[in-house]
Amino acid sequence: MLNAQLAQADRYQADRYQRFADLAVTVGDAINAIAGLNPAQRTDVDFLEREFIPALGLNDELLHEQPPELAPNFGKGLHLWQYPNQLAAYLAWLARNASGISSYMEIGCRWGGMFILVTEWLRNSGADLKTVIALDPIAPTPFISTYFDLLQQQAAIEPIYIQDFRPRRWSVRMSTG
């Protein structure tokens with residue numbers, strides 16, 4: 001029984017990987033959409049939440065955690081996991097505070113949509129990015145591979161992917177005194 005479950009999980013992952021390989025063309029579309037925003041749109045939280053973020057495409061895993069009104073955007077584009085009503089304020093803040101940022105690292109990038117969004121958001125909001133790093137326990141996905149290829153062709157940014165997962169044991173020493 002365990003072997004059958006493992007084989008089924010492997011098939012699911014292979015199918016999912018192929019689906020993202022087929023969707024990798026949306027990476028360029030997302031880059032163009034982000035670059036096409038004007039400064040006022042970058043700080044308009046309502047526009048970002050209701051129009052822009054959903055249009056980039058939302059995740060389609062664990063849909064019971066997602067608001068049903070966003071259903072038309074599930075399983076499309078960048079597969080962003082974050083809720084638009086939370087992400088919009090963060091992006092607006094980044095747009096106002098990007099200058100001086102020279103590196104970006106995302107720990108736990110999954111399929112890579114959020115990594116692509118934030119990197120491009122920073123690039124187009126005045127950051128002088130030199131290095132971007134994606135860290136995840138899985139191998140680079142089609143989104144990440146496509147994006148890194150595009151970065152190497154068009155930008156003076158060093159993209160780094162780190163595949164690693166090392167659980168750490170933390171110890172806490174308390175002192176009285």
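Bear in mind the structure is a predicted one, so any value in this text is a computation, not a measurement.
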Value rounded to 0.5 Å, distance of [atom1] in [X] from [atom2] in [Y]:
| X | Y | atom1 | atom2 | answer |
| --- | --- | --- | --- | --- |
| Leu122 | Leu129 | CG | CG | 5.5 Å |
| Glu158 | Phe148 | CD | CZ | 9.5 Å |
| Leu80 | Leu58 | CG | CG | 6.0 Å |

Please report the shortest heavy-atom distance between [X] and [Y], naming the atom on each side.
| X | Y | value |
| --- | --- | --- |
| Gly77 | Phe143 | O-CZ, 3.1 Å |
| Cys109 | Ile144 | SG-CD1, 4.5 Å |
| Ser145 | Pro140 | OG-CB, 3.9 Å |
| Leu151 | Pro159 | CD1-CB, 4.0 Å |

Under 3.5 Å, sequence neighbours excluded: what are the donor-acceptor pairs made by side chains of residues 32-42?
{"unit_1": "Asn32", "atom_1": "ND2", "unit_2": "Gly28", "atom_2": "O", "d": "3.3"}
{"unit_1": "Asn38", "atom_1": "OD1", "unit_2": "Ala40", "atom_2": "N", "d": "3.0"}
{"unit_1": "Asn38", "atom_1": "OD1", "unit_2": "Gln41", "atom_2": "N", "d": "2.8"}
{"unit_1": "Asn38", "atom_1": "ND2", "unit_2": "Gln41", "atom_2": "OE1", "d": "3.4"}
{"unit_1": "Gln41", "atom_1": "OE1", "unit_2": "Asn38", "atom_2": "N", "d": "2.9"}
{"unit_1": "Arg42", "atom_1": "NE", "unit_2": "Asn124", "atom_2": "O", "d": "3.4"}
{"unit_1": "Arg42", "atom_1": "NH2", "unit_2": "Ile34", "atom_2": "O", "d": "2.7"}

Tyr83, Trp111: one ILVMFWY side-chain cluster at the under-4.5 Å cut-off?
-> no

For Arg96, salt bridge (Lys or Arg N to Asp or Glu O under 4.0 Å) partners two or more places apart = none

Among all residues two or more places apart in sequence or in another chain, which pass the salt bridge (Lys or Arg N to Asp or Glu O under 4.0 Å) test with Asp29?
->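 Asp29 satisfies salt bridge (Lys or Arg N to Asp or Glu O under 4.0 Å) with no other residue.
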
Backbone of Arg110 reached by a side-chain donor or acceptor of Asp136 within 3.5 Å |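 Yes, because the side chain of Asp136 sits within donor-acceptor range (under 3.5 Å) of the backbone of Arg110.
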
Flag, side chain of Gln163 to backbone of Pro137, donor-acceptor distance under 3.5 Å = yes

Applying side-chain hydrogen bond (donor to acceptor under 3.5 Å, both in side chains), name anything that partners Tyr161, two or more places apart in sequence or on another chain.
->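 With sequence neighbours excluded, Tyr161 shows a side-chain hydrogen bond (donor to acceptor under 3.5 Å, both in side chains) to no residue whatsoever.
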
Residues which pass side-chain hydrogen bond (donor to acceptor under 3.5 Å, both in side chains) with Asp128, listed by chain and number, not counting sequence neighbours |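 Testing Asp128 for side-chain hydrogen bond (donor to acceptor under 3.5 Å, both in side chains), a comparison that skips the adjacent residues, returns Lys130.
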
Scan for salt bridge (charged side-chain N to carboxylate O under 4.0 Å, His left out) pairs involving residues 112-124, sequence neighbours excluded, and state none if there are none.
-> Glu120-Arg123

Which pairs, with at least one residue in residues 48-59 and sequence neighbours excluded, count as a salt bridge (charged side-chain N to carboxylate O under 4.0 Å, His left out)?
->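 Every salt bridge (charged side-chain N to carboxylate O under 4.0 Å, His left out) pair that includes a residue of residues 48-59, provided the two are not neighbours, is Asp46-Arg50.
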
With a 4.5 Å limit on heavy-atom distance, are the side chains of Leu70 and Pro84 in contact?
->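 Yes. Closest side-chain heavy atoms under 4.5 Å.
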
Side-chain donor-acceptor pairs of residues 112-119 under 3.5 Å, sequence neighbours excluded:
{"unit_1": "Thr119", "atom_1": "OG1", "unit_2": "Phe115", "atom_2": "O", "d": "2.8"}

Got a sec, which residues hit side chain to side chain contact (heavy atoms under 4.5 Å, CB included) with Ala30, two or more places apart in sequence or on another chain?
-> Leu56, Leu78

With sequence neighbours left out, what residues match Leu150 under side chain to side chain contact (heavy atoms under 4.5 Å, CB included)?
-> Val27, Ile31, Thr146, Gln153, Gln154

Full working for side chain to side chain contact (heavy atoms under 4.5 Å, CB included) between His79 and Trp81 = CA-CA 6 Å; His79 282 67; Trp81 188 275; over 6 Å; no

Enumerate donor-acceptor pairs with a distance under 3.5 Å from any side-chain N or O in residues 88-95 to protein atoms, sequence neighbours excluded.
none

Side-chain cluster (under 4.5 Å, hydrophobic types only) that Ile160 belongs to, other residues |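 Result for Ile160 is Met105, Ile107, Ile133, Leu135, Ile162.
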
